[in-house]
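Notes to accompany the following structure.
The structure presented is a predicted model; accordingly, all values stated were derived computationally and were not measured. To find a chain, count down the sequence lines: A is the first, B the second, and so on, and within it residues start at 1.
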Amino acid sequence: MAHIENISEFEGESVTLQGWLHNRRSSGKLHFLTLRDGTGFIQAVMSKTAVGDQTFLQVKHLGQETALTLDGVVRADTRAPGGYELDATGISVVGETHEYPVTPKEHGVDFLLDHRHLWVRAERQHAVLRVRHSVVNAVRDYLNTEGFILADTPVFTPAACEGTTTLFPVPYFDLGTAYLTQSGQLYNEANAMALGRVYCFGPTFRAEKSKTRRHLTEFWMVEPEMAYGTLDDVIALAEGLISSVVGRVLEERGRELDVLERDRGPLAGVVAPFPRMTYDEAVDILREAGRPIAYGDDFGGTDETILAKRFDRPVAIHRYPAAAKAFYMQPDPERPELSLSVDILAPEGYGEIVGGGQRLDDLALLEQRIAEHDLPKDAFEWYLDLRRYGNVPHAGFGMGIERVVAWICGLDHVRETIPFPRMLYRLTP
RNA sequence: UCCUCAGUAGCUCAAUUGGCAGAGCAUCCGGCUGUUAACCGGAGGGUUGCUGGUUCGAGUCCAGCCUGAGGAGCCA
């Protein structure tokens with residue numbers, strides 16, 4: 001079976017393509033039909049003499065997104081965007097369509113999001129989702145090759161992983177309220193003590209009332225965790241992972257990047273090692289740039305953009321003040337007020353794509369931090385067991401897939417990087 | 001939660017000082033043998049987000065509300 005993706009293998013041959021009519025341009029005796037089949041887009045040329053008057057007239061009245069199978073001969077043509085065209089010899093209409101809403105002209109964001117179930121058929125959206133597929137595959141391949149075991153963590157959780165972030169409550173039979181996971185990390189730590197190097201990869205839910213181009217309420221996150229791992233191990237792993245993912249997209253999604261008109265230059269330079277700076281150094285840079293930042297504050301979106309724009313590849317910022325990070329971060333032994341944490345900021349203003357660090361492994365200090373954060377100690381007893389039995393240094397991070405895809409594709413909003421985005425004011429379709 | 005902006009034909013948008021509701025695309029009809037968001041000619045298509053107010057007259061001015069977008073905070 002021929003697909004548009006590998007149509008070059010069929011040059012000179014008769015093929016049948018199963019797909020949908022993406023667009024039609026007609027003259028008196030020629031139809032130019034753009035067909036899409038899920039793997040790509042191709043133009044078919046249908047002449048009146050080749051198919052006869054009756055078929056030619058029928059095709060003239062087919063609407064956009066009509067489902068059809070098209071028979072024809074594959075021909076190389078320099079005028080065609082993909083390098084190949086189809087000389088149509090026959091057509092069979094599978095599903096008629098009239099007045100398809102998402103026309104080839106411009107549309108507003110609200111209209112497009114209301115029609116997301118149809119918008120995903122558009123050429124740009126098709127390209128983004130194929131890039132996402134490659135990103136996800138590259139992540140899994142890299143971690144698998146590095147000896148990580150996939151050990152997925154639960155979506156229903158009994159309490160907050162990090163006390164601060166807002167959670168989505170769900171009624172859970174007779175056991176009261178469960179919450180949708182906001183991170184698999186705590187369970188990852190348990191799995192790492194069993195399997196050594198592990199990762200979880202699944203949806204994550206944040207009920208924050210964030211309404212920006214970088215936020216979804218439901219997003220996908222990959223979280224590797226390493227027993228006997230350190231902060232340096234985390235930074236090295238993240239560098240390897242990110243550069244591997246970018247390399248894979250450049251290798252296998254060139255056509256999609258062309259459709260998105262993505263400049264390859266900034267992506268080609270994304271190779272390890274990445275520049276690194278401490279939180280202290282970052283604060284100095286921001287103050288020199290005139291930002292009124294108080295020492296100890298976390299960085300805002302504008303701050304992140306200023307820092308990231310100084311480099312041609314992602315930058316790792318490490319050793320944040322402990323107060324600015326979650327309760328489970330290991331203190332820096334040389335300066336206990338700092339944490340062995342790291343954020344990696346994507347270039348070109350795309351912000352934080354990775355956050356992680358070395359986990360707090362001192363039982364007494366962990367108990368103290370849980371108390372300081374007013375977290376229910378009972379709910380964390382199992383987590384404290386990890387420090388009681390076979391306790392070792394360990395480290396890990398989380399990487400947000402949608403932000404990575406948005407950056408690689410050069411999009412201005414993460415909502416286009418997932419088939420059906422979930423946002424503060426949008427739950428449908 | 002706060003700040004800013006927007007809502008007129010299926011879609012994207014115009015409408016001058018408050019004075020007849022418009023265009024392109026889409027749809028329908030016709031034309032064209034190399035189009036790339038094709039083009040050319042014709043036709044149909046309106047509760048101007050909602051409620052109230054000012055006025056001889058409101059898409060336009062006033063008040064309230066609804067919906068959405070961008071940003072802040074927070075985060076991946």
Side-chain angles (χ1 to χ4, degrees), chain A residues 22-34 41-50 56-57 60-61 63-65 75 77-82 85 87 97-115 118-119 122-124 161-166 181-185 203-223 238 297-304 324-326 342-346 350-356 397-407 412-415 417-418 423-426:
Chain A
H22 185 66
N23 197 6
R24 186 192 67 246
R25 292 172 289 274
S26 297
S27 62
K29 291 167 184 166
L30 277 183
H31 292 309
F32 298 98
L33 309 173
T34 304
F41 295 75
I42 193 170
Q43 175 166 281
V45 184
M46 177 178 284
S47 75
K48 200 174 195 173
T49 51
F56 193 82
L57 184 64
K60 186 180 179 181
H61 296 282
Q64 184 189 353
E65 286 302 319
R75 172 174 47 77
D77 193 315
T78 53
R79 290 170 294 190
E85 285 193 342
D87 285 322
T97 297
H98 300 288
E99 309 217 21
Y100 184 71
V102 189
T103 60
K105 293 287 176 180
E106 6 176 313
H107 300 282
V109 170
D110 193 31
F111 174 83
L112 288 171
L113 288 172
D114 283 342
H115 294 81
L118 303 177
W119 185 26
E123 194 169 15
R124 278 182 59 88
C161 296
E162 321 175 14
T164 55
T165 316
T166 319
T181 180
Q182 60 182 344
S183 167
Q185 189 213 309
T204 300
F205 307 88
R206 303 273 169 96
E208 300 154 2
K209 299 216 167 175
S210 297
K211 194 170 148 43
T212 83
R213 66 185 65 206
R214 300 184 304 281
H215 287 88
L216 299 172
T217 56
E218 175 182 328
F219 65 98
W220 283 66
M221 186 158 68
V222 59
E223 296 175 272
D297 284 356
D298 205 348
F299 304 130
T302 309
D303 302 316
E304 290 182 350
K325 288 291 177 184
V342 61
D343 284 356
I344 294 182
L345 310 181
Y350 281 91
E352 184 181 343
I353 52 174
V354 161
F397 65 85
M399 183 171 83
I401 294 301
E402 287 75 17
R403 287 189 182 175
V404 170
V405 174
W407 161 50
D412 62 8
H413 201 301
V414 293
R415 63 187 162 216
T417 65
I418 188 168
M423 293 173 291
L424 185 53
Y425 293 118
R426 187 172 291 278

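Of the candidates B/rG34, B/rA76, B/rA69, B/rA76 carries the atom nearest the A/Phe219 side chain, counting heavy atoms from C-beta on. When distances run from any side-chain atom of A/His215 to the nucleotides B/rU36, B/rA76, B/rU12, the shortest one goes to B/rA76. Of the candidates B/rC74, B/rG34, B/rA69, B/rG34 carries the atom nearest the A/Leu30 side chain, counting heavy atoms from C-beta on. Comparing B/rC75, B/rG34, B/rA69 by their closest approach to the side chain of A/Lys211 singles out B/rA69. Of the candidate nucleotides B/rG73, B/rG68, B/rU35, B/rG68 has the atom lying nearest to any side-chain atom of A/Arg426. Minimum atom distance to the side chain of A/Phe32 is reached by B/rU35, of the listed B/rG73, B/rU35, B/rA69. The side chain of A/Lys60 approaches B/rG31 more closely than any other nucleotide in the set B/rC28, B/rC75, B/rG31. Nearest nucleotide to the A/Arg75 side chain, out of B/rC28, B/rG34, B/rC75: B/rG34. Each of B/rC75, B/rA38, B/rG70 was ranked by its minimum atom distance to the side chain of A/Arg214; first place goes to B/rC75. Of all nucleotides listed (B/rA72, B/rC75, B/rG34), B/rG34 comes nearest to the side chain of A/Asp77.
The heavy-atom pair separating A/Met46 from A/Phe56 by the smallest distance is O-CE1, 3.6 Å. Looking at every heavy atom in both residues, A/Arg79 comes nearest to A/Asp77 through N-OD1, 2.7 Å. Pairing each heavy atom of A/Asp343 with each of A/Gly356, the nearest pair is OD1-N, 4.4 Å.
The gap from the P atom of B/rC66 to that of B/rU51 amounts to 15 Å, rounded to the nearest Å. Going from the C1' atom of B/rG19 to that of B/rA38 covers 41 Å, rounded to whole Å. Rounded to whole Å, the separation between the C1' atoms of B/rU55 and B/rU17 comes to 15 Å. Taking atom C1' in both B/rC65 and B/rG7, one finds a spacing of 14 Å when rounded to whole Å.
Residue A/Glu123 is out of contact with every strand shown, counting any heavy-atom pair closer than 4.0 Å.
For the pair A/His413 NE2 and B/rG68 C1', the interatomic distance rounds to 12 Å; values are reported in whole Å. If you measure from atom CG of A/Asp298 to atom C1' of B/rA76, you get 12 Å, rounded to the nearest angstrom. Distance, A/Asp343 CG to B/rA76 C1': 9 Å, rounded to whole Å. Taking atom CZ of residue A/Phe111 and atom P of nucleotide B/rA26, one finds them 14 Å apart after rounding to whole Å. Taking atom CD on A/Glu99 and atom P on B/rC28, their separation rounds to 7 Å, with Å as the unit. Atoms CD1 (A/Ile401) and P (B/rC75) sit 21 Å apart, rounded to a whole Å. Rounded to whole Å, the distance from CD on A/Glu402 to P on B/rC75 is 19 Å. Between A/Leu112 atom CG and B/rG10 atom C1' there is a gap of 14 Å when expressed in whole angstrom units.
For A/Arg25, a side-chain nitrogen or oxygen approaches OP1 or OP2 of B/rA38 to under 4.0 Å. The phosphate of B/rU33 has neither OP1 nor OP2 within less than 4.0 Å of any side-chain N or O from A/Lys48. Regarding contacts with the backbone of B/rC29, a side-chain N or O of A/His61 is found under 4.0 angstrom from either OP1 or OP2. Applying the 4.0 Å criterion to OP1 and OP2 of B/rA38, one finds that A/Asn23 has a side-chain N or O inside that range. Taking 4.0 angstrom as the limit, A/Arg415 places none of its side-chain polar atoms (N or O) nearer than this to OP1 or OP2 of B/rG68.
Not a single donor-acceptor pair, N or O on each side, falls under 3.5 Å between the base of B/rG24 and the side chain of A/Glu106. Donor-acceptor pairing under 3.5 Å, judged by distance alone, is absent between the side chain of A/Thr103 and the base of B/rC11.
Between the side chains of A/Thr49 and A/Ser47, at least one donor N or O sits under 3.5 Å from an acceptor N or O. A/Ser183 and A/Glu223 share a donor-acceptor pair across their side chains, judged by distance under 3.5 Å alone.
Proximity of a side-chain donor or acceptor of A/Tyr100 to a complementary backbone N or O of A/Leu118 within less than 3.5 Å is detected. A donor-acceptor pair is defined here as one N or O able to donate and one able to accept, closer than 3.5 Å; no such pair exists between the side chain of A/His31 and the backbone of A/Leu33. Judged by distance alone, the side chain of A/Glu65 and the main-chain N or O of A/Pro101 form no donor-acceptor pair under 3.5 Å. Of the possible polar contacts, one joining the A/Arg403 side chain to the A/Glu352 backbone as a donor-acceptor pair under 3.5 Å is found.
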When every nucleotide of nucleotides 39-47 of chain B is labelled 5' to 3' by its protein contacts under 4.0 Å (heavy atoms), B for base, S for sugar-phosphate only, - for none, what sequence of letters results?
-> ---------

Atom pairs, N/O to N/O, protein against nucleotides 5-8 of chain B, distance under 3.5 Å?
none

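By the 30° and 60° cut-offs, the orientation of the rings of A/Phe41 relative to A/His22 is perpendicular.
With the nearest nucleotide of RNA chain B identified for both A/Thr217 and A/Asp412, A/Asp412 has the one nearer the 5' end.
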Determine which bases of RNA chain B form Watson-Crick or G-U wobble pairs with both distances under 3.5 Å, and write the result as a 5' to 3' dot-bracket string with | for other-strand partners.
-> (((((((..((((.....[..)))).(((((.......))))).....(((((..]....))))))))))))....

